[in-house]
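A, B, ... follow the sequence lines: proteins, then strands. Residue 1 opens every chain.
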Amino acid sequence: MEDSKSKSLNFLEEIVQTDIAEGKYPQGIFTRFPPEPNGYLHIGHAKSICLNFGLAQKFGGKTNLRFDDTNPMTEETEYVESIKSDVAWLGFQWENELYASNYFEQIYQFAVELIRKGLAYVDDSSAEEIAALKGTPTTPGTNSPFRDRSLDENLALFASMRNGEFPDGAKVLRAKIDMAHPNMHMRDPLMYRIRHVPHHRTGNQWCIYPMYDFAHGQSDSMEGITHSICTLEFDVHRPLYDWFINKLEIFPSHQYEFARLNLSHTVMSKRKLLQMVNEKVVSGWDDPRMPTISALRRRGFTAASIRNFCERIGVAKRDNLIDISLLEFCIREDLNKIADRVMAVMDPVKLIITNYPEGQTEDLLIENNPEDLETGKRVVPFSRELYIEREDFMVEPPKKFFRLGPGLQVRLKGAYIISCEHFELNADGSVKEIHASYIPESKSGQDTSGIHVKGTIHWVSIPHAIQAEVRLFDRLLIVEDASELGDDFVKFINPESLQVIESAFVEPSLAQATVGEAMQFIRKGYYCLDRDSKPGHLVFNRTVTLKDTWAKEQKK
RNA sequence: UGACCUAUGGUGUAAUGGUAACACACCAGUUUUUGGUUCUGGUUUUCUAGGUUCGAAUCCUGGUAGGUCAACCA
C-alpha cells in the first residue's frame with residue numbers, strides 16, 4: 001500500500017476501522033452532519049463537518065446532510081440555505097439532503113409503538129411540576145401521578161394531542177424508564193411536546209413535535225447511519241439514544257462523542273455570537289472578525305485552509321483550546337502558494353526620485369508569485385514620484401534597520417536601488433517628503449551596479465496609484481480563553497480587532513481585482529477584495545498579516 | 001455529594017506493554033530583490049501515590065484536577 005506509512009488513525013477512525021474489519025457493516029459506513037437550522041455555521045461546525053465527511057471518505061462510506069428541525073420556534077429556511085452553501089463551499093458533497101421533519105409521521109408511529117409496549121405515557125403535569133418531580137443529580141426523582149395510565153387511555157390521549165385538542169404545554173408524552181436513574185436523562189424523558197407553531201417545512205401539519213432525544217437517534221437509524229458522531233455534551237444522552245433504538249428494535253446506529261473545538265481569542269457559542277450581532281459590536285454574522293464560516297470566507301480564508309486546520313487540530317475526547325495562531329499558519333501556508341503578489345502602501349509618505357525625469361513613466365515587469373513562476377509577470381508603472389510606507393523611513397535609523405534613512409540605500413521592489421539624499425518635515429515634525437536618487441544601472445533583472453542592499457521596500461507610483469479603503473482585522477478578543485467570561489465578554493473585545501484605513505494606495509493592476517480574490521500585499525499580509533467595493537471605491541480585507549520578525553525584534 | 005467523560009512540552013495531537021514523537025508557537029542560524037518563503041538546529045513533556053510486569057504514558061486501585069448532566073432547546 002502506498003500510504004502504509006500513513007499517520008496513525010484518530011480514535012474515531014480506529015472505531016470505524018475495527019468495525020469494518022469485523023464485518024459489522026457490509027453495506028458500508030454512513031455518517032451524517034446534523035445541524036439545527038437556527039443559525040450560521042462556525043469553525044466548530046467545520047470540525048464536525050470535516051470529521052463526518054472525512055470519516056466516510058476515508059473508509060468508502062457516505063455522508064448525509066440532515067437538518068435537525070424538530071423545534072419550529074427557532075428554525076428558518078434562511079438558515080437551511082446558508083448551511084447548505086457553507087458545507088458546499090467547504091468542499092463536501094452530501095449523499096442526501098434530509099430533514100428530521102421528513103420523518104415526523106414515522107417518529108409518531110414509533111411513539112405509538114412504545115405506548116403499546118407500555119414504555120411511554122401521556123403526562124398532564126406542567127413543566128414546573130415535571131421539573132419538581134425530576135429530583136437532582138444526587139437525589140432520585142418521583143413518579144408522576146399520570147405514570148400508570150392505561151394503554152388505551154395513553155393511545156387516545158396521544159392521538160388527541162396530535163389532533164390539536166390541547167393547548168401548548170397541556171400534555172407531553174414521556175418515556176417510562178426510571179425516575180431514580182442516576183443519569184438524569186433516563187428519568188422519564190420527554191418525547192413529544194405540544195407546539196401550535198407553524199414549521200418551516202411542514203407548515204401547520206403538526207402541532208406536536210418530537211424532542212431531540214426522540215428524533216435524532218430515530219433519524220440516524222432510519223437513514224442507516226452507522227457512526228453517529230457528536231460532541232461530548234451528548235455523552236450522557238447515549239444511554240437514552242440506545243434505549244429508544246433497543247426498545248423500538250430498529251437499525252442500531254451508534255453514537256460516539258468527541259471534544260468540541262475551542263479557539264483562543266474568540267467566542268464560539270451561538271449565544272455570544274448572537275449577542276455581538278445584536279449589540280452591534282460586529283456588523284453582522286459575516287463580519288470578518290467572527291468565527292463563522294461565512295465571515296472567514298469573506299475575510300479571505302480558503303476552504304482548503306480550513307480543512308487543513310481541522311486536520312491538524314486532530315480529534316480526541318479532552319477539552320482543548322486551540323491557539324488561533326495555528327489557524328493563521330494554515331491560511332498563510334495556503335495563500336503563500338496561490339496568492340499573487342501586489343504592492344499597496346497603507347500609510348503613504350512621498351518619495352521623489354530627484355534624478356528621474358519629470359513626466360516619465362516606465363512599465364516594469366514584476367513576477368506575480370515567486371513561489372510559482374508559472375503565474376507570470378504583470379506591468380507595474382514607475383515614475384518620479386512614489387509613495388512608500390511611512391514606517392520604511394526613519395530619520396534616525398537604528399543599526400539593524402534595513403530600510404531607508406538619511407544616507408541609506410534600499411531597493412524599490414522590482415525597480416531600482418535608491419539612495420536617500422534628504423528629507424523635509426511637516427510643522428508637526430512628521431516626515432513630509434523624502435528625496436532620493438536612483439541608480440539607473442541597478443534596474444531589477446539587469447542590475448550591473450554591483451551594489452548590494454539589505455532591504456527591499458514596496459512602493460506605488462503616485463500618478464498611477466488607486467486610492468482604496470483597507471480594513472485591518474485582528475484577533476477578536478484580548479484574552480486567550482473566553483470560556484470563563486460571561487455576558488460582559490464584550491469588554492474584552494480587542495479594540496484593534498478592526499482598523500479602517502480610509503486612504504491607502506494600491507498599484508493600478510488592482511482595478512481588475514474581483515471580490516474574494518486572494519492576494520498578497522508585499523511585506524504586509526494577505527488581503528482580498530471585499531464585497532462592499534464599488535466602482536471607484538475599492539475595499540480590501542486583511543485576511544492575515546505576514547509573519548513579522550522585524551516587529552518582534554523591535555519589541556525586545 | 002450522584003452518574004458519566006477526561007488528564008502527555010506553552011498549545012494541540014501521536015506512541016495500541018518495549019528508545020516519548022509530530023505540528024503550531026518560541027529561540028538561533030541559512031536562503032532570499034518580501035525582515036515573507038525555504039532549509040537546518042535548539043529549548044520545553046507523560047497529574048499524583050501505590051500495584052501488576054523483566055519492562056508502564058499505556059493495564060489495575062486510590063487520590064487530585066478539569067469538564068458534562070437536573071430546557072416542553074439541540
Counting heavy atoms from C-beta on, name the nucleotide in [options] closest to the side chain of [X].
X         : options                : answer
Phe329(A) : C24(B), G36(B), G35(B) : C24(B)
Asn336(A) : U37(B), G35(B), G2(B)  : U37(B)
Glu371(A) : A74(B), C69(B), G36(B) : G36(B)
Val236(A) : U68(B), U33(B), C24(B) : U68(B)
Pro370(A) : G36(B), A25(B), U13(B) : G36(B)
Asn10(A)  : A70(B), U34(B), A14(B) : A14(B)
Val172(A) : A15(B), C72(B), G2(B)  : C72(B)
Arg403(A) : U13(B), G35(B), A74(B) : G35(B)

Within the 4.0 Å heavy-atom criterion, would you say [X] contacts the bases, only the backbone, or no part of the nucleic acid?
X         : answer
Val315(A) : sugar-phosphate
Asn183(A) : nothing
Met73(A)  : nothing
Arg187(A) : nothing
His237(A) : base
Thr136(A) : base
Ile313(A) : sugar-phosphate
Phe521(A) : nothing
Ser125(A) : base
Lys552(A) : sugar-phosphate
Ile322(A) : sugar-phosphate
Leu321(A) : sugar-phosphate
Tyr209(A) : nothing
Gly455(A) : nothing

Could you check whether [X] pairs with [Y] (Lys NZ or Arg NE/NH1/NH2 to Asp/Glu carboxylate O, under 4.0 Å)?
X         : Y         : result
Glu367(A) : Arg341(A) : no
Glu362(A) : Lys443(A) : yes
Lys555(A) : Asp548(A) : no
Arg312(A) : Glu333(A) : yes
Arg201(A) : Glu76(A)  : no
Asp392(A) : Arg523(A) : yes
Arg147(A) : Asp188(A) : yes

Taking atom [atom1] in both [N] and [M], compute the distance separating them and give it to the nearest angstrom.
N      : M      : atom1 : answer
G62(B) : C24(B) : C1'   : 37 Å
U52(B) : C59(B) : C1'   : 8 Å
C73(B) : G10(B) : P     : 44 Å
G12(B) : A7(B)  : P     : 13 Å
A71(B) : G66(B) : P     : 24 Å
U58(B) : A15(B) : P     : 14 Å
U48(B) : G9(B)  : P     : 10 Å
A23(B) : U40(B) : P     : 10 Å

Only pairs with both distances under 3.5 Å count, Watson-Crick or wobble alike; so what is the partner of [N] in this structure?
N      : result
G29(B) : C39(B)
A21(B) : U13(B)
A3(B)  : U68(B)
A49(B) : U61(B)
G55(B) : none

Rounded off to whole Å, could you give me the [atom1]-to-[atom2] distance for the [X] and [N] pair?
X         : N      : atom1 : atom2 : value
Asp213(A) : C73(B) : CG    : P     : 12 Å
Arg341(A) : G36(B) : CZ    : P     : 13 Å
Phe11(A)  : C5(B)  : CZ    : C1'   : 11 Å
Arg332(A) : U37(B) : CZ    : C1'   : 12 Å
Asp319(A) : A7(B)  : CG    : P     : 10 Å
Glu333(A) : G36(B) : CD    : P     : 17 Å
Met186(A) : C4(B)  : CE    : P     : 13 Å
Leu240(A) : A70(B) : CG    : C1'   : 14 Å

### Query
If you find the nucleotide of RNA chain B closest to Gln520(A) and the one closest to Leu190(A), which residue's nucleotide is nearer the 5' end?
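Counting from the 5' end, the first nearest nucleotide belongs to Gln520(A).
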### Residue closer to the 5' end of RNA chain B, Arg193(A) versus Thr549(A) (nearest nucleotide)
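Counting from the 5' end, the first nearest nucleotide belongs to Thr549(A).
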### Task
Report yes if a donor N or O on one partner sits less than 3.5 Å from an acceptor N or O on the other, where the partners are the side chain of Arg523(A) and the base of G35(B); otherwise report no.
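Check fails, no donor-acceptor contact within cut-off.
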### Message
Would the base of U33(B) count as contacting Ser444(A) through its side chain, where contact means a donor and an acceptor less than 3.5 Å apart?
### Response
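Checked by distance alone, the answer is yes.
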### Task
Would you check if Tyr212(A) stacks with the base of A74(B), given a 5.5 Å centroid limit and a 30° plane limit, both strict?
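So Tyr212(A) does not count as stacking on the base.
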Phosphate contact ([N] OP1 or OP2) by [X] side-chain N/O below 4.0 Å:
X         : N      : result
Arg411(A) : U34(B) : no
Ser264(A) : U11(B) : no
Arg312(A) : U13(B) : no

### Query
Considering the options Tyr103(A), Tyr108(A), Phe104(A), Tyr192(A), which one meets the ring-ring contact (aromatic ring centres under 6.0 Å, His included) requirement together with Tyr209(A)?
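Answer after filtering Tyr103(A), Tyr108(A), Phe104(A), Tyr192(A): Phe104(A).
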### Query
For His216(A) and Arg32(A), does a side-chain donor sit closer than 3.5 Å to a side-chain acceptor?
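Side-chain D/A pair, His216(A) to Arg32(A): present.
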### Message
Checking side-chain polar atoms at under 3.5 Å, does Asn38(A) have a donor or acceptor matched by the opposite partner on Glu75(A)?
### Response
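Side chains of Asn38(A) and Glu75(A): no pair found under 3.5 Å.
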